[in-house]
Trainee: 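Sending over a structure as structure tokens; questions will come in a sec.
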Amino acid sequence: MRKKIIVLTGAGISAESGIRTFRDSGGLWEEHRIEDVATFEAWSRNPALVMDFYNQRRKQLYEVNPNPAHFALASLEEKFDVRIITQNVDDLHERAGSSDILHLHGELKKARSTVDPDLVYDIEGWELKLGQKCEKGSQLRPHIVWFGEAVPMIEPAAELASQADIFMVIGTSMNVYPAAGLIHYVKGKADKYLVDPNAVALQSVSNLTVIRELAGTAVPQLVEKLLQESR
Ligand code: APR
């Protein structure tokens, strides 16, 4: 049976594609206040501002491409059963060819109903507008998990983490829960890798290899090593 590799990615994996991270110097949260653009309260107070923030992010997404880290993860599927859990709302894993991707924090290119969370739609082009409604007549909102909201996909993600033979964490500051807690669901004997130039110290995590390098170079090397070892 193929070994199961579970990968948790964060903004750092898309940084070399040209998408700004959140908490690095120059990150998005330096320029925008979370309370103004990424909470349900912000949306209730000033939906136009929130809409514009995500419209700009979505517009930029059409101008960037996956980088070698995304492509390397897709190539891992040649030999492994690979599942990606991403905190990112971009679609760069999809565009690189990964086939099994769980979006913990939503997806930029989708909108959802404000009365029925099961009504989710693809957004045509980059702009979602006030006045665009779901089939039940309510305003569409960005399909994003905002701060303070429940993370509906965390249970399937934790289940995946618990099944990992190999667990990789790439490009996340591990600041945001519950995503940051997923590593604690991974079996002690599973090999774990953390790729991040500013990797946080993860005491109490066994079998952990920390690679303090950029994802665009370190992930293809790590993937090559794992593919070689599986031969
Ligand atoms: N390669 C690998 N890692 C990188 C690179 C790179 N080229 N560039 C930056 N990083 C790392 C940084 O060192 C940092 O640890 O990426 C991490 C980015 O951290 P954050 O900006 O906090 O992003 P993330 O951890 O994904 O944020 C989690 O917070 O704001 C919310 O919902 C948003 O999903 C997001 C969540």
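Note that ligands are numbered from 1 as they come in the structure, with each ligand's atoms numbered from 1 the same way. Reckoned from all heavy atoms, side chains included, excluding hydrogens, waters and symmetry mates.
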Trainee: Please list, chain by chain and in numerical order, all residues satisfying side chain to side chain contact (heavy atoms under 4.5 Å, CB included) with Glu31, sequence neighbours excluded.
Mentor: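 Counting only residues at least two positions away or on another chain, Glu31 forms a side chain to side chain contact (heavy atoms under 4.5 Å, CB included) with Arg20.
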Trainee: I'd like to know whether NZ of Lys187 has more than 12 heavy-atom contacts from other residues, nucleotides or ligands below 6.0 angstrom.
Mentor: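 Count over threshold, so yes.
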Trainee: Enumerate the protein residues lying less than 4.0 Å from ligand 1, judged by heavy-atom distances, in chain and residue-number order.
Mentor: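 Residues within 4.0 Å of ligand 1: Gly10, Ala11, Gly12, Ala15, Glu16, Thr21, Phe22, Arg23, Asp24, Trp29, Gln87, His105, Phe147, Gly171, Thr172, Ser173, Val176, Asp196, Pro197, Asn198, Leu214, Ala215.
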Trainee: Of the non-hydrogen atoms in Ala215 and Gly12, which two are nearest, and what is the gap between them?
Mentor: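 Distance-wise, the nearest heavy atoms are CB-O, 4.4 Å.
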Trainee: Aromatic rings His32 and Phe53: how do their planes relate, parallel, tilted or perpendicular, breaks at 30° and 60°?
Mentor: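 Aromatic pair His32/Phe53 classed perpendicular.
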Trainee: Is a salt bridge present between Lys59 and Glu63, judged by a nitrogen-to-oxygen distance below 4.0 Å?
Mentor: no
Trainee: Please determine whether a side-chain nitrogen of the Lys or Arg among Asp91 and Lys109 lies less than 4.0 Å from a carboxylate oxygen of the Asp or Glu.
Mentor: yes
